[in-house]
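Worksheet: one structure, shown below.
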Amino acid sequence: MRVGVPREIKPDEYRVGLTPTAVREYVTHGHQVVVETGAGQGAGYADELYARAGASILPDAAAVFEAAELIVKVKEPQAVEWARLTDKHILFTYLHLAPDPAQADGLLASGCAAIAYETVTDDAGGLPLLAPMSEVAGRIAVFSAGETLLKHNGGMGLLLCGVPGVPPARICVLGGGVVGMNAARMAAGLGAEVVVLERSIPRMRELDNMFLGRILTRYSTLDAVEEEVLRADVVIGAVLTAGAAAPKLVRREHLAKMKPGSVLVDVSIDQGGCFETSRPTTHKDPTYTVDGVVHYCVANMPGAAPRTSSDALVHATLGFGLQIADRGLDALKRNKHLARGLNTLKGDVTHPAVAEALGKPFVDPYQAWVGR
Ligand SMILES: NC(=O)c1ccc[n+]([C@@H]2O[C@H](COP(=O)([O-])OP(=O)(O)OC[C@H]3O[C@@H](n4cnc5c(N)ncnc54)[C@H](O)[C@@H]3O)[C@@H](O)[C@H]2O)c1
C-alpha cells in the first residue's frame, strides 16, 4: 500500500504520524511511504532520515494526499485536509469527532475510511492509543508543577523536592488512572509527598502494590478531596469519567482556603477540567492566578515534548498501522479492536457513540461496507 505522512498543520503541533524508524518497518513490509518535506522537523526528524529509511520526500501536502491511500497523522484533519481526502483514502489519526460536527461532515463528504486512534480498544478494556499521551502528560504535569511553584513563576517559592532538613511539596493527585499513576511516579521519584485520590478500589489496590507504601491512596469522597486539596502545595487533576465532562472536584470557594501560591495543574482540561476555575491555556501562556492559586491548564501537554510523544505514539500505532497497510480494510475484520477505531466509512458514521453524539444514524461497518 502507499502510505502518506503529511506535516501537521494545527497550530503548535510538532508531533509527526510516523518516525523514520516506523517508516523502515512499513518499507520492510513491502509498502511505499511518502512524507511531506519538513513533516518530522518539529520532532527532530529531518527529511534525510526519512529518505534513509526508504521514504520518498514530496514537496507539499497535496502531493502526499494524491500519492497515498493510507494517511497516518497525529491530530484531526483541518478543513484544508478534509478537502484533500477522497473515498480512496484510509485516514489513521486522532479524530475526537463527537464534539466536532464540522469535521465529521467534512470526513463524511470525503467518503474516506477514518480510523480514530482514541476509539481503538484492547483486551484489558483500555484505549491503547490514548495511553501513551496520558503517560507523557502525567509526567510533564509534575515538571510543570515544580516550575510553577517557583517564586518567579507566581508560585509560593517552594522547591518541589525539598532539601535535607526542609520538607518537600505535598502533591495531591485526583484520579489514579494512566495520567495520575505517571504523575505519582514522577512526584514520588523527585521526593515529594504524594497522595492519590481514587474512586476505584481495585485501582487503589494496584497503586498500593505498585508503590509499596511510597505514596498514600485515599478514597475520593467530597470530604477527602476538600481536606487533601486544602493541605496540598500542588493539586494535579487527572480524573476521567468515560464519555462525560470531568466532574468539578475543586470549587471556587476552596481557592481562598488553599495555601497562597499553591498550584493547580488541570490535566483533565481537555474534558472540560476538574477545577471549577479552569480554562484552557497554551504552552506560550500556560498559567493564570485566581484567588492567589496558580492554575496551569495546558490542553495539549504532550505537545511540549514532540520527540518523546511522537516516538511513544508511533510505538502504540505501529502494529495497527501495519495491519491496515498489509490488508486494507480487511484488517478490521480480523481485529475487533481495530474495527472499533472505524468512525466513518463511505459517508456513514460507523461508531455507535460517535453517531449518538452527532445525532446521525449509526451504520454497522460489517453489514454495510467492510469487504464489499
Ligand atoms: N491536557 C492534556 O494534554 C492531556 C493529555 C492526556 C490526557 N489528558 C486527560 O487526562 C484525563 C485522565 O486521563 P487518563 O488516561 O489518566 O484516564 P484514566 O481513565 O486512565 O484515569 C482516570 C481515573 O479517574 C478516576 N476517577 C473518576 N472519577 C473520580 C473521582 N471523582 N475522584 C477520583 N478519581 C476519579 C477513575 O477511576 C480513573 O482511574 C482525561 O481527561 C484525559 O483526556 C489530558
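When reading the values below, keep in mind they use all heavy atoms of this one structure, side chains included, and skip hydrogens, waters and symmetry mates. Remember, it's 1-based here, ligands and their atoms both numbered in the order they're listed.
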For the residue pair Tyr288 and His295, categorise the inter-ring angle as parallel (less than 30°), tilted (30 to 60°) or perpendicular (more than 60°).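 Judged by the thresholds at 30° and 60°, the geometry between Tyr288 and His295 is parallel.
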Around Arg340, counting heavy atoms of other residues, nucleotides and ligands shown, do more than 12 lie under 6.0 Å from its CZ?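 Atom CZ in Arg340 is packed in, count exceeds 12.
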Sequence neighbours excluded - salt bridge (Lys or Arg N to Asp or Glu O under 4.0 Å) pairs with any residue from residues 276-293: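 Counting only pairs at least two positions apart or across chains, the salt bridge (Lys or Arg N to Asp or Glu O under 4.0 Å) contacts touching residues 276-293 are Asp12-Lys284, Arg251-Glu276, Arg252-Asp291.
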Just grab all the salt bridge (Lys or Arg N to Asp or Glu O under 4.0 Å) pairs involving residues 20-46, residues at least two apart or on different chains.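 For residues 20-46: Arg7-Glu36.
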List in chain and number order the residues that pass ring pair (Phe, Tyr, Trp, His ring centres under 6.0 Å) with Phe362, two or more places apart in sequence or in another chain; answer none if no residue qualifies.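 None.
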Please tabulate protein-ligand N/O pairs under 3.5 Å for ligand 1, atom names and distances to 0.1 Å.
| from | atom 1 | to | atom 2 | distance (Å) |
| --- | --- | --- | --- | --- |
| ligand 1 | 1 (N) | Val267 | O | 3.1 |
| ligand 1 | 1 (N) | Val298 | O | 3.2 |
| ligand 1 | 1 (N) | Ala299 | O | 3.4 |
| ligand 1 | 3 (O) | Ala299 | O | 3.1 |
| ligand 1 | 3 (O) | Met301 | N | 2.7 |
| ligand 1 | 15 (O) | Ser134 | OG | 2.7 |
| ligand 1 | 16 (O) | Val178 | N | 3.1 |
| ligand 1 | 16 (O) | Val179 | N | 2.8 |
| ligand 1 | 20 (O) | Val178 | N | 3.0 |
| ligand 1 | 24 (O) | Leu240 | N | 3.3 |
| ligand 1 | 32 (N) | Ser220 | OG | 2.8 |
| ligand 1 | 37 (O) | Glu198 | OE1 | 2.8 |
| ligand 1 | 37 (O) | Glu198 | OE2 | 3.3 |
| ligand 1 | 39 (O) | Glu198 | OE2 | 2.4 |
| ligand 1 | 41 (O) | Asp270 | OD1 | 3.3 |
| ligand 1 | 43 (O) | Asp270 | OD1 | 3.0 |
| ligand 1 | 43 (O) | Asp270 | OD2 | 2.7 |

Any Lys/Arg nitrogen of Lys10 or Glu76 sitting under 4.0 Å from an Asp/Glu carboxylate oxygen of the other?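 Salt bridge between Lys10 and Glu76, a charged N being under 4.0 Å from a carboxylate O: yes.
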